[in-house]
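Labels below follow one simple rule: chain letters A, B, ... track the order of the sequence lines, proteins then strands, and each chain is numbered from 1.
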Amino acid sequence: AQSVAQPEDQVNVAEGNPLTVKCTYSVSGNPYLFWYVQYPNRGLQFLLKYITGDNLVKGSYGFEAEFNKSQTSFHLKKPSALVSDSALYFCAVRDGSTGTASKLTFGTGTRLQVTL
Amino acid sequence: DTAVSQTPKYLVTQMGNDKSIKCEQNLGHDTMYWYKQDSKKFLKIMFSYNNKELIINETVPNRFSPKSPDKAHLNLHINSLELGDSAVYFCASSQDVGEAFFGQGTRLTVV
């Protein structure tokens, strides 16, 4: 069975500092990896994905993530955090080998708090 | 234009009632999903449909019955509502194994 671990319930960072939100995954086939953000009382917004190719992927709002196959990780990063980045962040994985039957499995979420 | 829209946004109902949540996507995607987000914000897949065909049924009680009249719509009907069904239900769609796009959610409260 596939799974995603987000080891930190909350990450606190000062505005202007770099941020990292950690994610590790387990999947038997090809990992397709995603990051989403959820603001209060809103749906999930897609940030970025890794399917194949360059291990460093860039997404919306200045976020990027690095795929590391050996460590089965896909950490989300941003060079300079903004207060408006404060939200709940979810990592998700699909098994790309199973076609349309693949589930999109989410981690438990990490709350990012950016302070002045 | 809203890509994935679900109605209603809020639903308050008594135990034992039957209710439906509707979802429509205008993205031309082949695959649609229902997810449940509990009070701890955990997201769990309930169902997945591809071209109107049920692909994933994630051991959800059979009081929950999805229906997909066409590939742009996936509705969720819930019979005999229980207190534990209170949650936020999200509809989503994707093209094959790409990223999923989510609706704004339906907050269901069973009293």
Side-chain angles (χ1 to χ4, degrees), chain A residues 1-6 8-10 21 23 27 29-53 57-60 63 65 74 87-112, chain B residues 2-7 9-10 21 23-25 27 29-60 68 71 87-109:
Chain A
Q2 62 195 52
S3 64
V4 176
Q6 293 182 241
E8 302 151 318
D9 288 338
Q10 181 155 326
V21 182
C23 170
V27 69
N30 296 329
Y32 288 7
L33 295 153
F34 307 85
W35 275 101
Y36 288 83
V37 60
Q38 185 177 28
Y39 295 98
N41 300 315
R42 304 292 300 274
L44 277 75
Q45 295 177 34
F46 168 72
L47 279 179
L48 50 79
K49 67 182 176 185
Y50 171 83
I51 302 294
T52 186
V57 293
K58 294 186 185 298
S60 307
F63 284 94
F74 189 57
L88 187 57
Y89 290 80
F90 289 96
C91 181
V93 68
R94 279 191 195 278
D95 184 341
S97 311
T98 56
T100 53
S102 74
K103 280 191 295 187
L104 185 61
T105 299
F106 285 85
T108 50
T110 298
R111 190 163 300 281
L112 174 65
Chain B
T2 305
V4 181
S5 58
Q6 34 181 131
T7 54
K9 190 171 180 180
Y10 299 97
I21 307 171
C23 178
E24 176 181 5
Q25 55 97 2
L27 298 167
H29 289 164
D30 291 331
T31 306
M32 294 186 73
Y33 314 83
W34 279 109
Y35 277 84
K36 179 180 180 181
Q37 186 173 44
D38 65 20
S39 58
K40 295 186 178 178
K41 306 297 185 184
F42 296 158
L43 274 160
K44 281 208 67 176
I45 189 166
M46 300 173 69
F47 304 102
S48 169
Y49 271 72
N50 180 263
N51 278 316
K52 303 192 298 176
E53 188 179 334
L54 180 65
I55 302 295
I56 294 171
N57 181 341
E58 199 64 7
T59 59
V60 176
S68 182
K71 74 174 196 176
V88 181
Y89 292 85
F90 285 103
C91 177
S93 73
S94 71
Q95 185 59 35
D96 298 327
V97 293
E99 63 272 27
F101 291 84
F102 283 77
Q104 292 300 292
T106 296
R107 183 175 297 274
L108 172 64
T109 304

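- In this pair, B:Phe101 and A:Phe46 present their aromatic rings tilted. The plane angle is within the 30 to 60° band.
- The nearest pair of heavy atoms linking A:Arg94 to B:Ser94 is NH2-OG, 3.2 Å.
- With a 4.5 Å cut-off on non-hydrogen atoms, A:Gln45 does not touch chain B at all.
- When all heavy atoms of A:Gln38 and B:Phe90 are compared, the pair lying nearest together is NE2-CZ, 3.5 Å.
- Contacts between A:Leu88 and chain B at a heavy-atom distance below 4.5 Å involve the side chain alone, from C-beta outward.
- For B:Lys9, the NZ atom counts as loosely surrounded, since its 6.0 Å shell holds 12 or fewer non-hydrogen atoms of other residues, nucleotides or ligands.
- Under a cut-off of 6.0 angstrom, the local environment of CD in B:Gln95 is crowded, with over 12 non-hydrogen atoms contributed by other residues, nucleotides or ligands.
- Rounding to the nearest 0.5 angstrom, the gap separating the CD atom in B:Glu99 from the CD1 atom in A:Ile51 is 7.5 Å.
- For A:Leu104 against B:Tyr35, the heavy-atom pair with the smallest separation is O-OH, 2.6 Å.
- Heavy atoms of B:Gln37 lying under 4.5 Å from chain A belong exclusively to its side chain.
- Counting heavy atoms of neighbouring residues, nucleotides and ligands inside a 6.0 Å radius, atom NZ of B:Lys52 does not exceed 12 of them.
- Taking the side chain as every heavy atom from C-beta outward, B:Lys40 and A:Thr108 never approach each other to under 4.5 Å.
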